[in-house]
2 protein chains.
Amino acid sequence: MTPDLQLDTRSKLLKAAVTVFGKNGFEASSVRQIADLAGVNHGSIKYHYSSKGDLWRASVSYLFSQMEQAVHTNEAAWSKMTSRERLKDSIRSFVRYHAAHPELNRILTIEAIAGGERHQWVTDNYTRPFADRAVAGIALAQEDGIYPKELPAMNLHYMHVASGRIIFLMAQEIQSIFGVDVFAAEEVERHIDTILTLFMGASDLKPGSAKERSGERLEN
Amino acid sequence: MTPDLQLDTRSKLLKAAVTVFGKNGFEASSVRQIADLAGVNHGSIKYHYSSKGDLWRASVSYLFSQMEQAVHTNEAAWSKMTSRERLKDSIRSFVRYHAAHPELNRILTIEAIAGGERHQWVTDNYTRPFADRAVAGIALAQEDGIYPKELPAMNLHYMHVASGRIIFLMAQEIQSIFGVDVFAAEEVERHIDTILTLFMGASDLKPGSAKERSGERLEN
DNA sequence: TGAAAAATCATCCGTTTGGATCGAAAATGA
DNA sequence: TCATTTTCGATCCAAACGGATGATTTTTCA
């Protein structure tokens, strides 16, 4: 086995932690569950990460950075775009990321409800900077007449975020009620089109590649 | 103490269960926590409700019925409204309910993420009928030209729901980042106006009473 | 009033939790 | 090669969990 394919214990633990925390959240996940999925003894978590909380923070750091990177994929081309196209592009990337990686969405939502020090940590280190930049972008869009200036940018921001994430958060419910697999590529694009049409009018939908789905390597 | 103010054990348990489950969800809530809040011995839960799961179902039944009732408050006047006004009215009631009673929102979100048999139960008994009616209403609105007919009603429905609930779900985060109390009456109305303006154009905002906040008696 | 029924309580049980401990094993480098 | 460091795993622990039990108290009603 090449060392690239044979993940070391630390990486295996992080990968398993992302999966388990992303499915059940912090409280409902046990270190034994994570260790079992990683195929190592649960005592090893104490060694590589000093506690369950540390492993959780490492997981969130990994996921949030990955998400921000995905949203800024086309950043180089932004200078050549109108602010409308720029906003549309970031929404597209945002939705596609959450379709490909539902874990962060679930973790952040669970923690936002629970509150407490874990939520404070992720807010201070990740959510606040992200939200500040997003709200600034919306304010700019309002200057350019994309949204009415009298609407509060904060509320618009949360409507963006909520609309982009909701179907992936409710994936099981939607499957059960409507028989729709929201993670299917065509459903993801359909949802993007719906958001862009309703929020920003003009359905000049630019196809864009939806092949984000594959290639989910973990660090290195 | 009048018997109206002196709740019996069963009612005290339900009231406490709504609070605790509404804050932490099913798994993170303990029967001891609920019994302590109700001021009774935790063994009483087994007596009045056969299990923790039964108490949870009773809590969800109570809250969901309360929510549907709130949304249909003005139903009598709907026949005299245009379909646009009707949709706006139900959105207004929907948002105001979740501002006054954040518990159901939290419980449904947590369970939607977790999946499992509790989620299946609430989907079959409450979410599906609610969603079916809402989607039908949106399809009707599309017939009347309020929304483009080519947009999928399901996605529009979830955007409605998500946009209406998001700020209350993220209340702690918004307080921390923006210093805004989303439960304040003026913030609730501001959010409603933002949704109605962005989704349905025309900001002919009808004030309406926002005094829903008080009077949260638990069954009698 | 008093016996039967309903309601409440203190207490116990088996299980699972996160974390600590410590010896064994593997890797490292002079 | 061999001693030192790094890594790993079996095991123990106190705490909290949902639920069961049986005694005790309160209520009901003839």
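Every chain is numbered from 1, with letters handed out A, B, ... down the list of sequences. Computation of the quantities below employed the complete heavy-atom set of this structure, encompassing side-chain atoms and omitting hydrogens, waters and symmetry-equivalent molecules.
Taking the ring centre of B:Y49 as origin, the terminal cationic atom of B:R57 falls outside the region bounded by 6.0 Å and 45° from the ring axis. Figure legend: cation-pi geometry between B:R128 and A:F178 absent, as NZ or CZ is not positioned both under 6.0 Å from the six-membered ring centre and within 45° of its axis.
The phosphate of C:dG19 (OP1 or OP2) has no side-chain N or O of A:K46 nearer than 4.0 angstrom. Within the structure, a side-chain polar atom (N or O) of B:S44 is placed less than 4.0 Å from OP1 or OP2 of C:dC9. Listed pair B:T9 / C:dA7 fails the phosphate criterion, with no side-chain N or O lying under 4.0 Å from OP1 or OP2. For D:dA10, one of the phosphate oxygens OP1 or OP2 lies less than 4.0 angstrom from a side-chain nitrogen or oxygen of A:N41. Checking the phosphate oxygens (OP1, OP2) of D:dC8, no side-chain nitrogen or oxygen of A:Y47 falls inside 4.0 Å.
A:K52 has its NZ atom 16 Å from the P atom of C:dT16, to the nearest Å. One atom, CG of A:L55, and another, C1' of C:dG18, lie 13 Å apart when rounded to the nearest Å. Atom NZ of B:K12 and atom C1' of C:dA7 are 12 Å apart (whole Å). The interatomic distance linking B:I45 (CD1) with C:dT11 (P) rounds to 19 Å, in whole Å. Summarising the geometry, the separation between CH2 on A:W56 and C1' on C:dG18 is reported as 17 Å, rounded to the nearest angstrom. Rounded to an integer number of Å, the gap from CD1 of B:I34 to P of C:dT8 is 16 Å. If you take CG of A:D54 and P of C:dA20, they are 11 Å apart, rounded to a whole angstrom. What separates CG of A:L13 from P of C:dG19 is a distance of 13 Å, to the nearest Å.
Side chain of A:R32, nearest nucleotide from C:dC12, D:dC8, D:dC13: D:dC13. Here the side chain of B:V31 is nearest to one of C:dG18, D:dG18, D:dG9, namely D:dG18. Out of D:dA20, C:dC9, C:dG19, the shortest distance to the side chain of B:V40 is found at C:dC9. Nearest to the side-chain atoms of B:H48 among the listed nucleotides D:dG19, D:dG9, C:dT8 stands C:dT8.
Checked by atom type, the side-chain pair A:S176/B:Q120 shows a donor-acceptor distance below 3.5 Å. Under the 3.5 Å distance criterion, with hydrogens and angles disregarded, no donor-acceptor pair is assigned to the side chains of B:E103 and B:T19.
Across all strands shown, B:S50 has no heavy atoms under 4.0 Å from either base or sugar-phosphate atoms.
For D:dG18, the base has no donor-acceptor partner in the side chain of B:H42 [N/O atoms by modelled type, under 3.5 angstrom].
No more than 12 heavy atoms of other residues, nucleotides or ligands lie within 6.0 Å of CD in B:E117, so this atom counts as exposed by the packing criterion.
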